[in-house]
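Report on the structure given below.
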Amino acid sequence: MKNLFCALFFFSVIINSSAQKSDYSVLLITDSLKQNANAVVRLDQMDINIASQRSMNIKTQRIVSVFNEKGLNDIDAYHHYDKTTSIKNIEAVVYDGMGSEIKKLKRKDFRDESAVSGSTLFSDNRVLYLDYTPISYPFTIVYTCEVETSNTAFIPQWYFIGGYYLSVEKSILNVTFPKELGFKKKEFRFSDFNIKKTTESDTRLSYTAANIVAQKQEDMSPSYGDLFPKVMMGLENFHLEGVDGKATTWEVFGKWYGEKILNGTTILPEETKVKIKALVGDEKDPVKKAKIIYDYVQKKSRYVNIAVGIGGWKPMLASDVDRLGYGDCKALSNYTKALLQVVDVPSYNTILYGDRYKSDIQSDFVSMQGNHMILAIPNNNNYIWLECTSQDDPFGYQGTFTDDRDVLVVKPEGGEIIRTKIYEDKGNTQEGKGSYTIDENGNFSGSLKIASQGSQYSLKSRVETMQPNEKEEHYKEYWDNINNLKLGKITFTNDKENTCFTENVQINASNYGAILGNKMIFVVDAFNQYTGNVKRIRNRKNPFQIQRGYLDTDEIEISLPAGYGIEFLPSNYELKGKFGEYKTELIKKENNKLTYKRSMFLNKGKYSNKEYDEYRVFMEQISRNDNAKIILVKS
């Protein structure tokens, strides 16, 4: 009996041990979560304990089963630290597909690197991250991390699902906080997902989410941050950079930021002040003064990439930027501000989300937000916006990184939410004028002048700084409709005063016209043919977005080969709809010449998933007409 009891006890220990090891087996994941998934988050749990205005502890546990190389990005095993944030513990355990342990990874196995390369002034800003190369797929990583910080201004945003092609078995967020700190939250897009608020009181907040299936990325979808559920959190009474702060209104927050964080950072050496005053001379116009200063900063300084929040919110001293000649977005904006002060031109630090994808500061949620800083110069009832990290941008030009979004302007009297410059669709122009000749063997030779303005300026002006091989690659991709393309002389004119970039390009290509017996066939639109393809998506789920509209106009003179007459000429074409307007015209001239005119206007906008097919048909009609062919016959 005793032996039987021992045997049963031993057997139960083996069973329990085996069960524990197999908890991480991918066989336990339901099929619905595996569908369309590169990885499945088995558990994503964050426990945030705000002990006081100056103390916050964050514990993270993340268990991720990775199915392929694309899923490696979903492990997210890293954390930044600096003099105000310490990593108390960080480790990971790797399991194979069946849930058997492969490897334990301690802190020493994580890479410990500077978060900022090329700057000794930011040597305290570091990142610990796991750089794991798997032996095989699938595998599972259990990652745990504990962090303590005195900065309570940044409470992490919580994303219940962190990207496309990622499923979530379970997601848990627990937050505890003292009542007197004024904890606040904002929830986004909960209705379509299985998210439950399990606790909400004066001192606690908890959510759980379960069985969120992987979302496929659909062309032209908004960013996943604008589609998936998340929670923003903040405190009305917080601590940052060694200073207690308040965020009850934007006015109060902005005043605090200006007086407690920015104050004292714009002091410059006397010799620099003398130099700047001499440079500006007798100029009285504040805008012209600002242009002189902006040009000086562009020539003197270089940009070091440090996102707001990683390198802190307090800019490095203007005197250090002046001495070293480099800085991040905060430092260069602040340095430019300091130089403008010398010649009595007011300007304001401006905080925003910088990205080609437009994102707003959430105006109804007063908190630390943004990842970038620019400068605002008041000009009558408007503002001139300066991107101080660029050595190439024209004065006051925003391009596509900071345009058309809500930003926080920090004025002496307090903060204010303002919209940056909107480049209207019909102002985002590309004007093409040129000519091409087809000889009797079907060979092509032509020249084209392209003038780009508005948001199209930023897309085109970068070509000027490309290496020769990069230029060739750019134009061969741009004119991928022309086989056997060879580039001739290329010149550029960058009119920064009027923000207009002009390309003059000569090209030729053999066999552009296909000869079939006594006939020759070629596509009329050689220079600005839409060759894209709007993908057919059955049962589309997401809305779609055209971030920026534009207007392209072209006028091209075509010289036909001697000894050929026109057998077929494409008809003039016009198309109008909610997405824009398109028109082509072909005019017969004397001496075997044609004039081809084309205009294409696209509206920016946000559209529903049900309108996607209509947009696809609209673009297909344009593509089909852009591919219209002339047929010539030997006379």
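Note that the structure is predicted; figures quoted are calculated from it, not measured.
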Could you pull out the closest heavy-atom pair between Ile515 and Gly442, with the gap in Å? CD1-N, 4.3 Å
Using a distance-only test with no angle check, is there a side-chain donor-acceptor pair under 3.5 angstrom linking Tyr475 and Glu503? yes
Gln215 (side chain) donor-acceptor with Val213 (main chain) under 3.5 angstrom: yes
Go through the side-chain N and O atoms of Asp403 and Ser455 and say whether any donor and acceptor fall under 3.5 Å apart. no
Pairing donors with acceptors under 3.5 angstrom, does anything connect the side chains of Asp626 and Tyr582? yes
Within a reach of under 6.0 Å around CD of Gln621, are more than 12 heavy atoms found that belong to other residues, nucleotides or ligands? yes
Going by distance alone, is a donor N or O of one side chain under 3.5 Å from an acceptor N or O of the other, for Arg405 and Thr420? no
Any donor and acceptor pair, going by atom type alone, linking the side chain of Tyr137 with main-chain N or O of Val66 inside 3.5 Å? no
Can you check whether Ser608's main-chain N or O pairs, donor with acceptor, with Glu611's side chain at less than 3.5 Å? yes
Mark yes or no for whether Gln391, through its side chain, and Ser301, through its backbone, hold a donor-acceptor pair below 3.5 Å. yes
Heavy-atom pair of closest approach, residues Gln453 and Thr499: CG-O, 3.5 Å
Between Gln547 and Lys358, is there a donor-acceptor pair closer than 3.5 Å when you use the side chain of the first and the backbone of the second? yes
Listed partners of Phe501 passing ring-ring contact (aromatic ring centres under 6.0 Å, His included), at least two apart: Phe492
If you count heavy atoms of other groups shown closer than 6.0 angstrom to OH of Tyr78, is the number above 12? no
Is it true that a side-chain atom of Tyr564 and a backbone atom of Met520 form a donor plus acceptor pair closer than 3.5 Å? no
Quick note, salt bridge (charged side-chain N to carboxylate O under 4.0 Å, His left out) partners involving residues 485-500, not counting sequence neighbours, are Lys291-Glu497
Between the side chains of Glu557 and Lys589, is the shortest nitrogen-to-carboxylate-oxygen separation below 4.0 Å, so that they form an ion pair? no
For residues 518-533, which residue pairs pass the side chain to side chain donor-acceptor pair (under 3.5 Å) check, not counting sequence neighbours? Asp480-Thr531, Asn481-Gln529, Lys519-Glu567, Asp525-Tyr596, Asp525-Arg598, Asn528-Asp552, Asn528-Asp554, Gln529-Asn627
On the ring face of Phe601, is Lys426 found with NZ or CZ under 6.0 Å from the centre and within 45° of the axis? yes
Side chain to side chain contact (heavy atoms under 4.5 Å, CB included) between Thr350 and Thr402, worked out: CA-CA 11 Å; Thr350 300; Thr402 60; over 6 Å; no
In terms of side-chain heavy atoms, does Tyr423 have a donor or acceptor partner in Gln456 at a distance below 3.5 Å? no
Should we say atom NZ of Lys433 is surrounded by more than 12 heavy atoms from elsewhere, each under 6.0 Å from it? no
Strictly by modelled atom types, are Tyr224 and Asn542 linked by a side-chain donor-acceptor pair under 3.5 Å? no
Heavy-atom donor-acceptor pair, Asp360 side chain to Asp406 backbone, under 3.5 Å: yes
From the list Phe579, Phe618, Tyr612, ring pair (Phe, Tyr, Trp, His ring centres under 6.0 Å) with Tyr607 holds only for Phe579
Should Val297 and Leu386 be marked as a side chain to side chain contact (heavy atoms under 4.5 Å, CB included) after you check the CA-CA gap, both sets of side-chain angles, and the distance that decides it? CA-CA 11 Å; Val297 172; Leu386 295 186; over 6 Å; no
Would you tell me whether Glu387 and Thr389 have side-chain atoms, one donor and one acceptor, within less than 3.5 Å of each other? yes
Lys300 atom NZ, over 12 foreign heavy atoms within 6.0 Å: yes
Between Ser223 (side chain) and Gly225 (backbone), is there a donor-acceptor pair under 3.5 Å? yes
Do other residues, nucleotides or ligands put more than 12 heavy atoms under 6.0 Å from the NZ atom of Lys230? yes
Could you walk me through whether Lys588 and Ile566 pass side chain to side chain contact (heavy atoms under 4.5 Å, CB included), step by step? CA-CA 10 Å; Lys588 289 174 74 172; Ile566 297 171; 4.1 Å; yes
Check this for me, if you would: do Asp404 and Arg548 make a salt bridge, where the nitrogen-to-carboxylate-oxygen distance has to be below 4.0 angstrom? no
Tell me, with the steps shown, if Lys216 and Ser221 meet side chain to side chain contact (heavy atoms under 4.5 Å, CB included). CA-CA 10 Å; Lys216 291 172 72 174; Ser221 291; over 6 Å; no
Quick check against the 3.5 Å criterion: does Asn572 have a side-chain atom that pairs as donor or acceptor with the backbone of Leu586? yes
Sub-3.5 Å donor-acceptor pair from the side chain of Tyr303 to the main-chain atoms of Leu332, do we have one? no
Are side-chain N/O atoms of Asn443 and Asn508 paired as donor and acceptor at under 3.5 Å? no
